[in-house]
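Read the structure below first, then the notes.
Counting convention: from 1, in listed order, for ligands and their atoms alike. Just so you know, these numbers come straight off a predicted model, no measurement behind them.
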Amino acid sequence: MNTPSHVVVNLFLLGKEDSSKFYLPIIIGSLLPDIAIFWFYFWAKFIAKIPSSKIWSEVYFTDFWQNIFAVPNSIILCLIGVMICHYYGLTWLEIMLISMIIHCLFDLPVHHDDAHRHFVPLTNYRFISPFSYWDIRHHAKWIALIELLLVNISSFSLFNQFDTWWSRGLILFNLTVYIILYWRFYLPYFFS
Ligand SMILES: [Zn+2]
């Protein structure tokens with residue numbers, strides 16, 4: 001899924017009103033699996049100055065970068081982390097790692113040829129899903145619609161839960177962007 005969806009959905013699933021001190025680890029955990037990919041893009045585009053066409057088709061798939069992406073996307077490594085943190089009573093870190101696992105579980109069914117190795121170091125297996133959250137050749141118009149619905153449901157619940165003007169504004173802004181992007185990029189495929 002798209003990164004902002006993970007933040008909204010994870011907050012909806014894990015963040016209860018009486019546990020506001022855990023909002024931060026939930027948010028960080030929902031971002032971590034994608035952060036290496038953002039760094040990669042920043043490095044490739046602005047530091048290494050690699051042409052955009054090569055970034056996603058070649059460099060992204062090199063072993064070096066794939067190994068870096070695999071670590072925060074590993075359900076196995078996060079599970080081991082959860083057990084260690086649980087044992088030592090490190091609740092904050094435990095919640096962050098659970099949030100990372102939920103991120104991975106939502107990614108697993110919607111990545112086609114960009115699938116992550118979610119079971120490293122046990123196996124390098126990639127689940128090549130018939131569905132993609134972005135690739136129109138793999139049902140993205142439907143998957144993005146489901147993602148939009150999930151973001152909608154989560155956003156309305158979070159809107160009631162959060163009471164500061166800026167958090168509510170951010171939730172509404174994010175939802176509006178999702179609706180506009182869906183309208184612009186995926187809706188036309190229903191009529192073509
Ligand atoms: Zn992801």
Requested in this report: Report the residues that fulfil salt bridge (Lys or Arg N to Asp or Glu O under 4.0 Å) with Asp113, sequence neighbours left out, ordered by chain and then residue number.
Outcome: none

Query raised in the report: Which of these, Asn73, Thr123, Asn67, sits in a side-chain hydrogen bond (donor to acceptor under 3.5 Å, both in side chains) with Arg117?
Result: Asn67

Report task. Mind telling me whether His111 and His116 have parallel, tilted or perpendicular rings, with 30° and 60° as the class edges? Result -> tilted

Query raised in the report: Protein N/O/S atoms under 2.8 Å of the Zn ion (ligand 1)?
Result: Asp34 OD1, His103 NE2, Asp107 OD2

Report task. Measure the acute angle between the ring planes of Trp43 and Phe40, then classify it against the limits of 30° and 60° as parallel, tilted or perpendicular. Result -> tilted

Query raised in the report: Trp142 vs Phe190 aromatic rings, parallel, tilted or perpendicular, using cut-offs 30° and 60°?
Result: perpendicular

Query raised in the report: In terms of the angle between their ring planes, are Phe42 and Trp39 parallel, tilted or perpendicular, with boundaries placed at 30° and 60°?
Result: perpendicular

